[in-house]
Amino acid sequence: MTPIQMTFSTMFLLGLMGLTFHRTHLLSALLCLETLMLSLFLATSLWALQLSTINIACVPMLLLAFSACEASSGLALVVATAGTHGSDHMQNLNLLQC
Amino acid sequence: MSYLVCVLLFGLMVGSVGVASNRSPYFAAMGLVMVSGVGCGVLICFGGSFLPLVFFLIYLGGMMVVFAFSAALSAEPYPYGWGNRSVKMYVAAYVLGVGCAWKVLLGKWSGFWGGNLDESGELLVLRGDMMGVAAMHDVGGWMLVLGGLGLLLTLFVVLELVRGVSRGGLRTV
C-alpha cells in the first residue's frame with residue numbers, strides 16, 4: 001500500500017473509532033464525523049489528481065455539499081439537545097424524553 | 001518533494017489522532033483545523049489547484065467556523081486538554097494502533113505511486129481539477145440541481161429542529 005492510501009485509510013479509521021468511543025460531548029462525536037468526511041474528500045481528490053481522471057473531481061465537491069447538509073443537521077440536533085437537556089453531555093441522554 | 005509529502009502526511013496523522021482522542025470539542029476543532037490545512041498542502045503537492053482551495057476556504061472557513069461557534073454550547077469551566085490523563089491514554093492507544101498498522105501494512109512501501117497532474121512541465125492557467133469541476137456544471141447539471149435542492153431541504157430540516165414551542169426539538173423555549 002502506498003503511504004497516501006495508508007494515510008487516508010488510517011484517518012478514516014481514527015475518525016470512526018473516535019465516533020464510536022465518544023465519551024462526554026455530542027459535539028466531539030460530530031467533529032469525528034467531520035474527520036470521516038475529510039478523509040473521504042482527500043481520498044476522492046487524490047483519485048482525481050493521481051490517476052488524471054479529472055471528471056471525478058466533481059465527486060469531492062458534491063461530497064462536500066452533502067457533508068455540509070449532514071453537519072448542519074447534526075449541529076441543529078446539538079442545539080436542540082442543549083436547549084432541552086441544558087448541555088450536550090452524553091450522560092444526560094438517558095431518558096426517553098424530548 | 002516526497003519528503004515534504006511525508007511531513008504533511010505525518011501532520012495529517014497527528015491532527016486525526018488529536019481529533020479522535022479528545023474529549024473537549026475546543027481542542028478537537030483545533031485538530032480539525034490542522035488536518036484541513038495540511039490536507040490542503042497534500043493536495044497541492046499532487047498538482048491540484050482548485051480542490052485544495054475548496055478544502056481550505058469552504059471546509060475550514062465555512063463549516064469549521066460554524067463548528068467553532070457551536071462549541072460555545074459545550075462550554076465547561078475546565079475543559080479537558082491534552083494534559084489530562086484519560087486523553088493521554090487515548091492518544092497513546094491511537095498512536096500505538098496507527099504505528100502497528102503502518103509497520104505491518106507498509107513494511108516495504110512501494111513508493112508514491114501515481115504522479116502529479118502537472119507532469120507536463122508547463123505553467124498552465126486552467127489546471128486539471130478545475131476542468132473537472134467545470135464538468136460538474138456542464139454535463140453534471142442535474143446533479144448540481146439535486147445538490148441544491150438537498151441543501152434547501154436541509155435548511156428547512158434545521159429550521160424545524162430548532163423551532164421550539166412544542167413542535168420542534170426545543171421543548172423548553
Side-chain angles (χ1 to χ4, degrees), chain A residues 1-4 6-8 10-11 13-15 17-19 21 23-28 30-32 34-35 38-39 41-42 45-46 48-52 54-58 60-62 64-73 75-84 87-89 98, chain B residues 6 9 12-13 16-17 19-23 25 28-29 32 35-36 39 42-43 46-48 51 54-55 58-59 63 66-67 70-71 73-74 94 98 101-102 105-106 109-110 112-115 117 128-129 131-133 135-136 140 143 147 150-151 154 157-158 161-162 169-173:
Chain A
M1 218 195 269
T2 64
I4 305 288
M6 191 68 195
T7 305
F8 60 70
T10 320
M11 263 179 78
L13 281 173
L14 276 173
M17 282 197 288
L19 182 62
F21 302 136
R23 286 162 284 158
T24 318
H25 290 279
L26 190 58
L27 196 59
S28 52
L30 285 182
L31 284 167
C32 293
E34 289 306 306
T35 315
L38 222 133
S39 72
F41 185 96
L42 209 60
S45 303
L46 286 168
L49 292 172
Q50 280 190 337
L51 300 181
S52 294
I54 58 179
N55 269 340
I56 301 294
C58 318
M61 306 286 296
L62 292 167
L64 205 62
F66 294 125
S67 135
C69 292
E70 156 212 332
S72 55
S73 312
L75 282 174
L77 283 172
V78 166
V79 165
T81 313
T84 319
S87 68
D88 67 337
H89 282 242
C98 280
Chain B
C6 278
L9 293 180
L12 274 178
M13 286 284 99
S16 317
V17 166
V19 175
S21 69
N22 223 295
R23 284 181 65 169
L32 213 53
V35 167
S36 301
V42 168
L43 290 178
F46 279 93
L51 286 170
V54 163
F55 209 33
I58 309 303
Y59 196 83
M63 288 165 60
V66 175
F67 267 100
S70 306
L73 285 170
S74 63
Y94 285 140
V98 167
W102 275 65
L105 290 170
L106 205 62
W109 78 44
S110 47
F112 288 100
W113 174 77
L117 198 56
D129 57 346
M131 294 295 104
V133 173
M136 182 174 70
M143 197 60 199
L151 284 166
T154 309
V157 161
V158 166
L161 271 175
V162 297
L170 292 173
R171 296 276 170 194
T172 58
V173 175

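All figures in this text were calculated on a predicted structure; none of them were measured in a lab. All chains are named by letter (A, B, ...) in the order of the sequence lines, taking the proteins before the strands, and each is independently numbered beginning at 1.
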Nearest-0.5 Å distance, CZ of residue B:Phe46 to OG of residue A:Ser45: 12.0 Å
Gap separating the CG atom of A:Leu42 from the CG atom of B:Leu43, nearest 0.5 angstrom: 5.0 Å
Segment of A:Leu14 engaging chain B (4.5 angstrom heavy-atom cut-off): both
Reported CG-to-CG distance for the pair B:Leu161 and A:Leu77, which is rounded to 0.5 angstrom: 5.0 Å
Chain A contact via B:Thr154 - side chain, backbone, both or neither, heavy atoms under 4.5 Å: side chain
For the student: nearest non-hydrogen atoms of A:Leu49 and B:Gly47, plus distance: CD2-C, 4.1 Å
A:Ala71 to B:Phe67 - nearest heavy-atom pair and separation: CB-CE1, 4.0 Å
Shortest non-hydrogen separation from B:Ala135 to A:Cys58 and the atoms involved: C-SG, 4.4 Å
Smallest separation among heavy atoms of B:Ser36 and A:Leu38, with atom names: OG-CD1, 3.9 Å
Distance (rounded to the nearest 0.5 Å) between B:Met13 CE and A:Met6 CE: 8.0 Å
Which of A:Thr24, A:Val78, A:Leu75 touches chain B most, by non-hydrogen pairs under 4.5 Å: A:Leu75
Between CG on residue A:Leu13 and OH on residue B:Tyr94, distance to nearest 0.5 Å: 11.0 Å
Spatial distance of atom CG (A:Leu30) from atom CG (B:Leu32) [nearest 0.5 Å]: 11.5 Å
Side chains of A:Phe8 and B:Leu12 in contact at under 4.5 Å (non-hydrogen atoms): no
Contact winner vs chain B - A:Thr10, A:Leu64, A:Leu26, A:Ile56, heavy-atom pairs under 4.5 Å: A:Thr10
Considering all heavy atoms, the nearest B:Leu151-A:Ala65 contact: CD2-O, 3.7 Å
pair B:Pro25-A:Leu31: side-chain heavy atoms closer than 4.5 Å: yes
Pick from A:Glu70, A:His89, A:Met17, A:Met11 with the largest number of heavy-atom pairs that fall under 4.5 Å of chain B: A:Met11
Contacting moiety of A:Ser39, where chain B heavy atoms sit under 4.5 Å: neither
